[in-house]
Amino acid sequence: MNPAVLHLPDALTRLAPELVDVELPDETRADCANCPLAGQPFLRDVRCCTYEPALPSFLAGRALLRENAGSARVRARIRKGTGLTPLGIQPDPAWSEAYVQRRETDFGRNRDWACPYWVEGPLSCSIWPDRNAVCRSWHCKHTEGFRGHAVWVAVRKLAAAAERRLAAWCAEVETAPEGTDEAAWVAYYTACARRVENARDEDLDTLRDSEIDALRESLAVAVSGLHAAIPDILGVEVKAVIPRGEQVELVGYTPWNSAVFPRSVFALLAQFDGDRPTGLAVQQACESEPSVDPGWVRVLWDIGVLRAREAGDVATWGFGGADLTPETLMERFDRSD
Ligand code: SF4
Ligand code: SF4
């Protein structure tokens, strides 16, 4: 089974069976034991765990019941006294505000943002079996590029929706404490964990709804699109252009999965106007600039710089105009200054 969905509560996978039934991508490029981002650009120790996840009540409770390093971390987080709610332990409000303002610069790079459940050493996540949907689905890189990212977004949305249903049900049938008494919250969260552990089919039947159904369908659709052929009509969506000496780094769907090309890549991109078929675009680019490699199309597709034109995967704009040369394109996209 894909490690991202190992140890999910049985009740959660009964609500959302696609999480374990579909074949999820094997994300070998996001190799946490040999993190490709450790040291540059992320801090070597905390890496992407510069984040405080919302921990649903029943997952906090299950972590507490393990009586290990994770339990101690959850207890310490409860003692902090912020974000304790019937639905779970919410991120500290001060961190949430800072995260919104500075995530572009501080994510992965601010040790003060280390997750309260993170621990030193190879284990890193003290609550790994009980981590939430965001932590399960996050990968810095994707073997299938943008399509893989789409699958993990669908996983996250479905798992998070199932988490919300189960946490809301727990809050209805268990009595949450008021105030910040540690023992009372530990008792409540562990009661939620036991409640979910013993959920009956008739309990879960009341939690299914059209949103869960739609998200189950979305995950199946995203998985089926993983190995689809590259569409014939493509447009361009570049988030950033970063000069790398004689070459240029292009950023598409994420800064953590970009690619470096010779600058003649702009001669190729200039041909994708959102109407011209891919074969013709490549042919014309190669005629205008012999150093263009047709294999770049696959890489540009993987990193989300070339996008399909269908609804939901739309390039917001294409190229066109006689004055668009590789140099003017470079100026237009260069946000590095
Ligand atoms: S998911 Fe996080 S720890 Fe794992 S390889 Fe990527 S940045 Fe490193
Ligand atoms: S819960 Fe675990 S995986 Fe998620 S941010 Fe914290 S330490 Fe990292």
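As the structure lists them, so they are numbered: ligands from 1, and atoms in each ligand from 1. Scope of the values below: all heavy atoms of this structure, side chains included, with no hydrogens, waters or symmetry mates.
- Summary of contacts: the protein heavy atom closest to atom 6 (Fe) of ligand 1 is Cys140 SG, 2.3 Å.
- In this structure, atom 2 (Fe) of ligand 1 lies nearest to the protein heavy atom Cys48 SG, 2.3 Å.
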Exercise for the section: Before giving the answer on side-chain hydrogen bond (donor to acceptor under 3.5 Å, both in side chains), spell out for Trp152 and Glu27 the whole-Å C-alpha distance, their side-chain angles and the decisive distance to 0.1 Å. Expected result: CA-CA 10 Å; Trp152 291 111; Glu27 298 296 0; 2.7 Å; yes
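- Short contacts between ligand 1 and Cys32, defined as distances under 4.0 Å to a heavy atom of the residue, involve ligand atoms 1 (S), 3 (S), 4 (Fe), 5 (S).
- The side chain to side chain donor-acceptor pair (under 3.5 Å) check on Arg62 picks up Asp130, with sequence neighbours excluded.
- With waters neither drawn nor counted, the protein N/O/S atoms under 2.8 Å from atom 6 (Fe) of ligand 2 amount to 1.
- Of the charged side-chain nitrogens involved, at least one lies within less than 4.0 Å of a carboxylate oxygen, so that Asp205 and Arg208 count as a salt-bridged pair.
- Glu249 meets the side chain to side chain donor-acceptor pair (under 3.5 Å) test with Arg244, Ser258; sequence neighbours excluded.
- Here is the list of ligand 1 atoms found below 4.0 Å of a heavy atom in Asp31: 5 (S).
- Among protein heavy atoms, the minimum distance from atom 3 (S) of ligand 1 is reached at Arg47 NE, 3.2 Å.
- The protein heavy atom nearest to atom 1 (S) of ligand 1 is Trp138 NE1, 3.6 Å.
- The side-chain tip of Arg79 does not point at the ring of Trp185 from less than 6.0 angstrom away and within 45° of straight on.
- Between Trp256 and ligand 1 there is no heavy-atom distance shorter than 4.0 Å.
- Other residues, nucleotides and ligands contribute at most 12 non-hydrogen atoms within 6.0 Å of the CD atom of Glu197.
- Between Arg195 and Asp203 there is no salt bridge, since no side-chain N of the basic residue sits under 4.0 Å from a carboxylate O of the acidic one.
- For the residues Ala30, Pro36, Cys35, Pro41, the heavy atom positioned nearest atom 8 (Fe) of ligand 1 is part of Cys35.
- In this structure, Tyr51 has its ring center at least 6.0 angstrom away from the ring center of Trp113.
- The backbone N or O of Gly304 sits less than 3.5 Å from a side-chain atom of Arg307, completing a donor-acceptor pair.
- By the ring pair (Phe, Tyr, Trp, His ring centres under 6.0 Å) test, Phe42 is found to be paired with Phe107, Trp256, residues two or more places apart in sequence or in another chain being considered.
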